[in-house]
Colleague: 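Below is a structure I'd like to ask you about.
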Amino acid sequence: MMKNYFQLKYAIVKQLILVVTGFAILISCNSGKQQTDLTFNKEIAPLIHKHCTTCHRPGEAGPFNLITYKDVRKKAKTIARVVETGVMPPWPADPEYTHFVGEKILTNAEKEMIVTWVNAGCPEGKASDLKPAPIYPEGSQLGKPDVVIRMEEPFTIPGDNRDRFMVFKIPYELDRDTFLRMVEYVPGNRKLSHHVNGHIIQYDDKLKKDVFVGPRYVDREDAGTLDSCYKFLKLLNDDETYPLLTPSVFNFLPGVLPQQYPDGIGGYRIKKKGAILMRDLHYGPTPVSETDQPHVNLFFSPKPPSRPFMETQLGTLGISEIVPPLLIPPDTVMKFVTKALIYHDISLVTINPHMHLLGKSFLAYAITPQADTIRLVRIPKWDFRWQYFYTYPTMLKIPAGSTIVAEGVFDNTKNNPNNPFSPPREITGLGGSMRTTDEMFQLILTFLPYFPGDEQIRLDNILPGQTGLE
Ligand code: HEC
């Protein structure tokens, strides 16, 4: 009797151990029921390193590292979920509608590999199969800059757990007027820097004595309109006229390489007196105060730009009216449309759809005079955190007489988890206000006047080190 009792007890303990270890595997790597030959070291690590580690590494925007087997196994179940649902890697543009340079997408086969591997219990595989994770350059991704313009004082990001949208200026004075080939933004705090659109303000020597006057930044919640923001930051000329703005010289988002262009395409003429205008610098929420002191790298060109970019925008503050006017009553889902006629043939280079927190979906296309549709971009599920400047793999010709159409759907109901108000309130986008809780509906286009052969110019195969820079 005694013997039985002991054996039985031992058996129970053993089973318990099995259950406990089984459970530990279950929470990270599912049941291990599915059979697979896939291993981390051979098939999964290259996928993670290619598609995830750019952001999921120390100091970057991803909330945890995804580099080693241990990192990935610990998060395996969540990884399977975000990969399957397409939440990660973040790329809101629908690849079935249009392709862009540097798109962050997994093919269905790749998604399935990751999910199968997680369901099979995350087998690690042979150590000899593992290729080391890539090494990422610190500082510049493009080479040695000619001039570095640094924010003069570090900015303190308060630890109040909210998203923050800042307008910054970094004034500078060079020794002469010159030509720029590229501008690169390098964040000081990669973890919290979520996105930045950079412009250059150019001053005529006669119209602005001192570019270094005035405050350096304003929180967008306090900025009011763009006009009052210019006045507050003392960005206007001495006679209160507007200085020249060279738009979109850089657009930073975590994990995005600065876009480079073939010789002769793009580039800027700049005056020696100017200011970098960052509108906006979006910082993610943090529970503890942190600082950021970014810098901007200027790469000069010996030649004036032969085909400088042009930029225009549809919708808010742009060339085309929004129909109906952008006013979104509470508890409604509403669609707005804006259209612009193109008078000359253009070669479209990048496209940037822009909405705020109520955005639900975005669609843009062109209708040619022959009534053909040219697809521009489709964002089925708007995510205000991932607002890319999408670059076409080859320049896209839009013939004269085409109409560019943008359709934006806004969700001002309580079902929108990003709705800043509960209960929902009437939201306006009428005043050109810059507040995040007000709305905007914009489509920004970067283009060149069309030249025959532009359709053949590839923009997706220029790697760092291939631009003629040292
Ligand atoms: C462009 C940068 C970037 C890339 C590339 C990226 N991530 Fe993320 N990831 C983030 C950021 C930032 C967050 C934090 C949440 C947010 O801001 O959306 C995040 C959050 C996550 C989360 C947590 C989600 C949750 O619901 O808790 C997982 C899991 C994840 N990423 C996995 C991946 C995997 C797997 C890949 C590659 C297939 C990947 N990420 C690629 C930036 C990135």
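Read the numbers this way: they start at 1 and go in the same order the structure lists the ligands and their atoms. Below, all heavy atoms of this structure are taken into account, side chains as well, without hydrogens, waters or symmetry copies. We're numbering straight along the sequence, starting at 1.
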Colleague: For a side-chain hydrogen bond (donor to acceptor under 3.5 Å, both in side chains) with T246, tell me which candidate from Q202, R269, E311, H199 qualifies.
Modeller: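 For T246, the side-chain hydrogen bond (donor to acceptor under 3.5 Å, both in side chains) test succeeds with only one of Q202, R269, E311, H199, which is Q202.
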Colleague: Any idea which atoms of ligand 1 are less than 4.0 Å away from a heavy-atom of C55?
Modeller: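 Going through ligand 1 atom by atom, the ones under 4.0 Å from C55 are 1 (C), 2 (C), 3 (C), 4 (C), 5 (C), 42 (C), 43 (C).
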Colleague: Is at least one protein non-hydrogen atom found at under 4.0 angstrom from atom 43 (C) of ligand 1?
Modeller: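 It does: a protein heavy atom is found less than 4.0 Å away from atom 43 (C) of ligand 1.
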Colleague: Is the cationic atom of R220 (NZ for Lys, CZ for Arg) positioned less than 6.0 Å from the six-membered ring centroid of F165 and within 45 degrees of its normal?
Modeller: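 Yes, a cation-pi geometry holds between R220 and F165.
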Colleague: To the nearest 0.1 Å, how far is atom 27 (O) of ligand 1 from its closest protein heavy atom, and which atom is that?
Modeller: T78 CG2, 4.1 Å
Colleague: Above 12 or not: heavy atoms from other molecules or residues under 6.0 Å from CD of E112?
Modeller: no
Colleague: Compute the minimum heavy-atom distance from H194 to ligand 1 and say whether it is under 4.0 Å.
Modeller: no
Colleague: Taking only heavy atoms of H51, which atoms of ligand 1 are found under 4.0 Å from at least one of them?
Modeller: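 The list of qualifying atoms is 5 (C), 37 (C), 41 (C).
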Colleague: Which of parallel (below 30°), tilted (30 to 60°) and perpendicular (above 60°) describes H282 and H195?
Modeller: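 Rings of H282 and H195: perpendicular, as their planes differ by over 60°.
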Colleague: Show the atoms of ligand 1 that are less than 4.0 angstrom away from any heavy atom in I79.
Modeller: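 Within the 4.0 Å cut-off of I79, ligand 1 contributes 35 (C).
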Colleague: List the steps and the verdict of side-chain hydrogen bond (donor to acceptor under 3.5 Å, both in side chains) for N119 and T116.
Modeller: CA-CA 5 Å; N119 287 339; T116 307; over 6 Å; no
Colleague: How close does the nearest protein non-hydrogen atom get to atom 10 (C) of ligand 1, and which residue and atom is it?
Modeller: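 Minimum-distance protein heavy atom for atom 10 (C) of ligand 1 reads M88 CE, 3.5 Å.
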Colleague: Looking at non-hydrogen atoms alone, which of W91, Y388, F64, W386 comes nearest to atom 29 (C) of ligand 1?
Modeller: F64
Colleague: Atom 8 (Fe) of ligand 1 to H56: any N/O/S contact under 2.8 Å?
Modeller: yes
Colleague: Considering only heavy atoms of R81, which atoms of ligand 1 have at least one such atom less than 4.0 Å away?
Modeller: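 In order of numbering, the contacting atoms are 26 (O).
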Colleague: Could you tell me, atom by atom, which parts of ligand 1 come under 4.0 Å of a heavy atom of C52?
Modeller: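 Contacts of ligand 1 toward C52, numbered from 1: 34 (C), 35 (C), 36 (C), 37 (C), 38 (C), 39 (C), 41 (C).
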Colleague: What protein heavy atom is closest to atom 24 (C) of ligand 1, reported as residue, atom name and distance in Å?
Modeller: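 Ranking protein heavy atoms by distance from atom 24 (C) of ligand 1, first comes V82 CG1, 3.9 Å.
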Colleague: Please write down residue, atom name and distance for the protein heavy atom closest to atom 14 (C) of ligand 1.
Modeller: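 Result for atom 14 (C) of ligand 1: P63 CD, 3.5 Å.
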Colleague: Would you say L142 and Q260 make side-chain contact, with heavy atoms under 4.5 Å?
Modeller: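 In short, these two side chains touch, coming nearer than 4.5 Å.
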Colleague: Quick one: sort the F309 and Y261 rings into parallel, tilted or perpendicular, breaks at 30° and 60°.
Modeller: perpendicular
Colleague: Is any side-chain heavy atom of R216 closer than 4.5 Å to a side-chain heavy atom of P171?
Modeller: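 Result yes, sub-4.5 Å side-chain heavy-atom pair found.
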Colleague: If the plane angle is over 60° it's perpendicular, under 30° parallel, otherwise tilted; pick one for Y185 and F252.
Modeller: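 Taking F252 first and then Y185, their aromatic rings sit tilted (interplane angle of 30° to 60°).
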Colleague: Below 3.5 Å, N or O to N or O, backbone or side chain included: is there any such pair between R385 and ligand 1?
Modeller: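 In this structure, R385 places an N or O atom under 3.5 Å from an N or O of ligand 1.
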Colleague: Taking non-hydrogen atoms only, is E60 closer than 4.0 angstrom to ligand 1 via side chain, backbone, both or neither?
Modeller: neither
Colleague: Look at atom 12 (C) of ligand 1 and say which protein heavy atom is nearest, naming residue and atom and giving the distance to 0.1 Å.
Modeller: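 Protein heavy atom with the smallest distance to atom 12 (C) of ligand 1: A61 O, 3.4 Å.
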Colleague: Restricting to non-hydrogen atoms, name the atom on H194 and the atom on L253 that form the minimum distance, rounded to 0.1 Å.
Modeller: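 In terms of heavy atoms, the two residues are closest at O-CD2, 3.5 Å.
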